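Data first, discussion second: the structure below is written as structure tokens.
These numbers come from a predicted model, not from an experiment.
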Amino acid sequence: MHDKVDRILFQDESMIRDYQAIARTWFPKGQQRIIPTYGKHQGIKLLGTLDYESGEIFVIESDRYDAEVFLSFLQQILLKYPGERIVIILDNARIHHANLLQPFLMLACKKSNPWPGKILQNHTDEAFFQIRSNLL
């Protein structure tokens with residue numbers, strides 16, 4: 001088996017909200033400012049990849065983040081790059097570790113993983129969490 005990788009993709013999720021969260025503010029003593037709100041906390045979730053070499057971006061929209069949406073996203077990536085060996089760099093988001101994904105990941109790794117039997121994990125988020133918790 002050869003060690004050629006056709007694509008290196010960096011993957012992440014993001015959310016766009018259509019409201020402003022009020023964090024901190026001040027008012028003159030004895031006066032209370034009234035800030036109108038509309039009771040809607042809508043937004044859209046984005047899942048995407050960035051191709052390391054070409055800079056190509058692939059994005060899907062969803063109304064939620066969960067393992068089913070992420071599994072569908074991974075399947076769409078495989079359809080977008082049929083027959084290619086792909087390395088996807090993930091953060092440590094919960095949906096990346098869901099039990100629902102395990103059969104798909106094992107099958108995908110058997111078919112295309114240049115390093116058989118290994119699903120490499122990125123422990124950067126875990127390290128930053130430890131550093132942040134020690135500092136705060």
Side-chain angles (χ1 to χ4, degrees):
M1 181 178 351
H2 56 79
D3 288 339
K4 182 179 182 279
V5 173
D6 297 309
R7 293 199 183 268
I8 298 174
L9 303 175
F10 292 91
Q11 189 280 327
D12 206 358
E13 304 84 23
S14 185
M15 182 186 330
I16 300 172
R17 296 181 178 138
D18 69 349
Y19 66 91
Q20 292 292 323
I22 300 170
R24 292 182 185 201
T25 187
W26 62 271
F27 307 107
K29 189 171 183 174
Q31 297 179 9
Q32 181 177 3
R33 189 170 187 173
I34 297 174
I35 301 170
T37 61
Y38 302 99
K40 294 183 181 179
H41 297 286
Q42 296 176 342
I44 191 79
K45 279 74 171 175
L46 304 172
L47 291 93
T49 59
L50 170 68
D51 187 311
Y52 175 73
E53 278 193 32
S54 71
E56 178 185 8
I57 296 172
F58 174 67
V59 177
I60 67 165
E61 296 178 10
S62 179
D63 58 348
R64 66 188 202 283
Y65 288 138
D66 62 20
E68 290 176 9
V69 171
F70 188 62
L71 178 58
S72 171
F73 176 72
L74 292 175
Q75 291 167 336
Q76 289 178 52
I77 288 174
L78 291 183
L79 291 174
K80 183 169 177 57
Y81 307 112
E84 294 187 24
R85 292 174 180 257
I86 303 168
V87 172
I88 303 176
I89 312 298
L90 306 171
D91 59 14
N92 205 22
R94 254 190 185 162
I95 61 173
H96 300 161
H97 301 281
N99 290 333
L100 177 69
L101 301 175
Q102 297 311 310
F104 172 82
L105 293 175
M106 295 311 286
L107 181 62
C109 286
K110 284 181 186 176
K111 286 184 177 179
S112 62
N113 190 353
W115 304 282
K118 293 185 180 179
I119 298 176
L120 305 175
Q121 293 184 346
N122 179 356
H123 296 285
T124 306
D125 282 349
E126 187 176 321
F128 280 122
F129 176 78
Q130 291 297 324
I131 292 169
R132 187 173 57 238
S133 63
N134 288 336
L135 292 176
L136 299 177

Hey, could you give me the [atom1]/[atom2] distance between [X] and [Y], rounded to the nearest 0.5 Å?
| X | Y | atom1 | atom2 | value |
| --- | --- | --- | --- | --- |
| D66 | D63 | CG | CG | 9.0 Å |
| K45 | R64 | NZ | CZ | 10.0 Å |
| R85 | K4 | CZ | NZ | 9.0 Å |
| L100 | E68 | CG | CD | 6.0 Å |
| T49 | I57 | OG1 | CD1 | 8.5 Å |
| Q11 | L50 | CD | CG | 11.0 Å |

Query raised in the report: With no hydrogens and no angle check, is any side-chain donor or acceptor of H96 less than 3.5 Å from a backbone partner on L90?
Result: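 Not at all, since once roles are kept as given, no pair shorter than 3.5 Å links the two residues.
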
Query raised in the report: So, does Y65 use its side chain to make a donor-acceptor pair with the main chain of F70 at under 3.5 Å?
Result: no

Query raised in the report: Which residues satisfy the salt bridge (Lys or Arg N to Asp or Glu O under 4.0 Å) test with K80, sequence neighbours excluded?
Result: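 If we apply the salt bridge (Lys or Arg N to Asp or Glu O under 4.0 Å) test to K80, skipping adjacent residues, the hits are E56.
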
**Report entry** Close side-chain approach of L47 and V69, heavy atoms under 4.5 Å
**Finding:** yes

**Report entry** L9/I86 under side-chain contact (heavy atoms from CB on, under 4.5 Å): CA gap, chis, key distance, verdict
**Finding:** CA-CA 7 Å; L9 303 175; I86 303 168; 3.7 Å; yes

Report task. Could you tell me whether D51 and R7 make a salt bridge, using a distance below 4.0 angstrom between a side-chain N and a carboxylate O? Result ->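 Counted as a salt bridge, because a side-chain N and a carboxylate O are separated by less than 4.0 Å.
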
Query - Polar side chain donor-acceptor pair, S72 to Q76, under 3.5 angstrom - result: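 Yes, Q76 and S72 have a side-chain donor paired with an acceptor closer than 3.5 Å.
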
Report task. Verify the distance criterion only: is there a donor paired with an acceptor across the side chains of Q102 and H97 at less than 3.5 Å? Result ->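 Note: Q102 and H97 side chains miss the donor-acceptor criterion.
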
Query raised in the report: Taking a hydrophobic cluster as the set of Ile, Leu, Val, Met, Phe, Trp and Tyr residues connected by side-chain heavy atoms closer than 4.5 Å, whether directly or through intermediates, do L74 and L79 fall within one such cluster?
Result: no

Report task. Can you see which heavy atom on D6 is nearest to which on G83, and at what distance? Result ->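 That would be OD2-O, 4.3 Å.
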
Query raised in the report: How close do I95 and L101 get, heavy atom to heavy atom, and via which atoms?
Result: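 Of all heavy-atom pairs spanning I95 and L101, the closest is O-CD1, 2.9 Å.
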
Report summary line: Sequence neighbours excluded, the answer for ring pair (Phe, Tyr, Trp, His ring centres under 6.0 Å) partners of Y81 is none

Report task. Mind running side-chain contact (heavy atoms from CB on, under 4.5 Å) on V5 and Y52 for me, showing each step along the way? Result -> CA-CA 12 Å; V5 173; Y52 175 73; over 6 Å; no

